[in-house]
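Single-structure report; data block below.
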Amino acid sequence: MNTPVDPTTTEAWADLQTLKDALVPDLRGWFEADPHRAEELTFDLADLRVDLSKNLINEDVVAALLRLADQVGLPGRREAMFSGERINTTENRAVLHTALRLPSDAELVVDGQDVVADVHAVQDKMFAFAEKVRSGEWKGVTGKPISTVVNIGIGGSDLGPVMVYEALLPYKQDGLTCRFVSNIDPSDVAEKVADLDPTTTLFIVASKTFTTLETLTNARIARDWLLNALVESGAIEDTDEARKAAIAKHFVAVSTALDKVADFGIDPDNAFGFWDWVGGRYSVDSAVGLPVVIAIGPDGFRDFLSGFHAVDEHFRTVAPEGNVPLLMGMLNIWYVNFWNAHSHAVLPYAQYLHRFPAYLQQLTMESNGKSVRWDGSKVTTDTGEIYWGEPGTNGQHAFYQLIHQGTRLIPADFIGVVNPAHPIKDGDTDVHGLFMANFFAQTAALAFGKTADEVRAEGTDEAIVPARVFAGNKPTTSILAPVLSPSVVGQLIALYEHITFVEGIVWGLDSFDQWGVELGKKLALEIAPAVFGDAEALAKQDPSTQSLVSWYLEKRD
Ligand code: F6P
């Protein structure tokens, strides 16, 4: 196993520190001094226009960031990922989500296995199944077509599909809807099935491992709900055979563990596989995207995949100076490691992207929330960013105050779309234009602020001038897309996947494992007997946990 380069020992790191120490942020002055700043720092990435000019950077900083990427060996690690080397060291796995979007005539053989052929075989199976559901050829046990698909999964088996489904609602087939059950809080599944007709409902049980407590519990509850409702209504007979036939028509699975799928009672013919080299949070473009394929159809999904692939090609081949994921990843390093930024806001000015920040939380924080490097040694600097956000303009009326006038530096990515799905007017006013005016206004206000003299010039009482000053120099990146198409959604996801990769490489992390989620899962199983009233199990818990569980038991009806 090769040892990660300690970024703090590189020349570029020292240069960046010197640059940071000397840099006095002055976005107003920088734009005035260089009329080409916006042009020089704006890039095209597939269909996306990405403006980095409102960041706290200059030519020297960008050059030093790119030298740092080079000095930590980023180009070699990137090639190692794309070619299927086992860069997920702690799980000894290749990391090949990029193979999921390779066209069928591409070539990628890993360990003697034709990965492209495998990927396309599953895609073909998914597409054929989705067509059957969409056309009504796939029928429930009583002969009715499917109208609701319920995806049961959590983490990567939920956040990707639900985010993309919501983002692409305008592309959804009429008469078909998807719902998503993830939480083991029984209210989730109860609410989601409450008004459903079991005869027209299809469940997709999505779990990479097919061992996840939440998903298997919810899948069993859904199975019981379906069978009980069908038997009680007289739709099927009260026999094991009739139940089996109903499950075959109303349950399919997505997993890498097809043996476990069969144990659950789902026909392996109705199971869609993927591979251990697809991380859960990198899996929406695998069979995990099945609800999306059913909703938007195979052509829409192909378009979605082509968006990912375009960004993969860009990341792999474009020179560093114009390589957007590389630049954005290195900008994040600049803010985290040199400006002590702790969090990163993602602010979609597109209501359809309302789950994008939640999706990015898993992608970025499960990937890079780590304190040891890929060889087991301790990290040498801060790692990880807290990703958060809400769609604009809702966020403007909630937390933007802190971004504008708080004491913390919060780099923010604004994501907007040029052509809305609903070009509605309010009288003569183009409402989407008004919406986007807010996007442009916010990024300008954050960058350029408002001086005390400008506030005074408005006749403001001197006593409240300080409260009305905006310091400016709050960094933002603006990302615009012509339209929120399937391809654009794929492009956005791939962009952030590669940003996450870049940061992970600089920090020396294995961005593809997630051991930090294991301890809590194990303890939950150990504590469960105490919650169910086992006094011995309760006595083994720490005093705080004992007291909490006792109060819970006391109050439980
Ligand atoms: O607990 C974390 C995690 O392992 C995620 O990485 C993953 O996306 C999620 O659980 C769900 O896992 P699975 O798809 O195996 O059910």
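In listed order, ligands and their atoms are each counted from 1.
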If only side-chain N and O atoms count, and only distance matters, is there a donor-acceptor pair under 3.5 Å linking Asn151 with Tyr165? no
Heavy-atom donor-acceptor pair, Ser550 side chain to Gln546 backbone, under 3.5 Å: yes
Report yes or no: does Arg78 contribute a side-chain atom to a donor-acceptor pair with the main-chain N or O of Phe315 at less than 3.5 Å? yes
Between ligand 1 and Gln362, can you find any atom pair, the residue atom being a heavy atom, that is separated by under 4.0 Å? yes
Arg316 and Glu79 ion-paired at < 4.0 Å: yes
Less than 4.5 Å apart, any side-chain heavy atom of [X] and any of [Y]?
X: Val72; Y: Pro4; result: no
X: Val141; Y: Thr199; result: no
X: Ile247; Y: Arg223; result: yes

Please list the nearest protein heavy atom to [atom] with its residue and the distance rounded to 0.1 Å.
atom: atom 3 (C) of ligand 1; answer: Glu366 OE2, 4.2 Å
atom: atom 11 (C) of ligand 1; answer: Ile154 O, 3.2 Å
atom: atom 15 (O) of ligand 1; answer: Thr209 OG1, 2.6 Å

For [X], atoms of ligand 1 separated by under 4.0 Å from a heavy atom:
X: Gly155; result: 8 (O)
X: Lys521; result: 1 (O), 4 (O)
X: Lys208; result: 13 (P), 14 (O), 15 (O), 16 (O)
X: Thr212; result: 12 (O), 13 (P), 15 (O), 16 (O)
X: Gly156; result: 7 (C), 8 (O)

Any idea which part of Gln514 is under 4.0 Å from ligand 1, heavy-atom wise: side chain, backbone, both or neither? side chain
Does ligand 1 have a heavy atom under 4.0 Å from the side chain of Val517, from its backbone, from both, or from neither? side chain
N/O separation below 3.5 Å, Thr215 to ligand 1: no
Could you give me the CA-CA distance, side-chain angles and deciding distance for Thr177 and Lys172, then say whether side-chain contact (heavy atoms from CB on, under 4.5 Å) is met? CA-CA 8 Å; Thr177 51; Lys172 180 181 77 64; 3.9 Å; yes
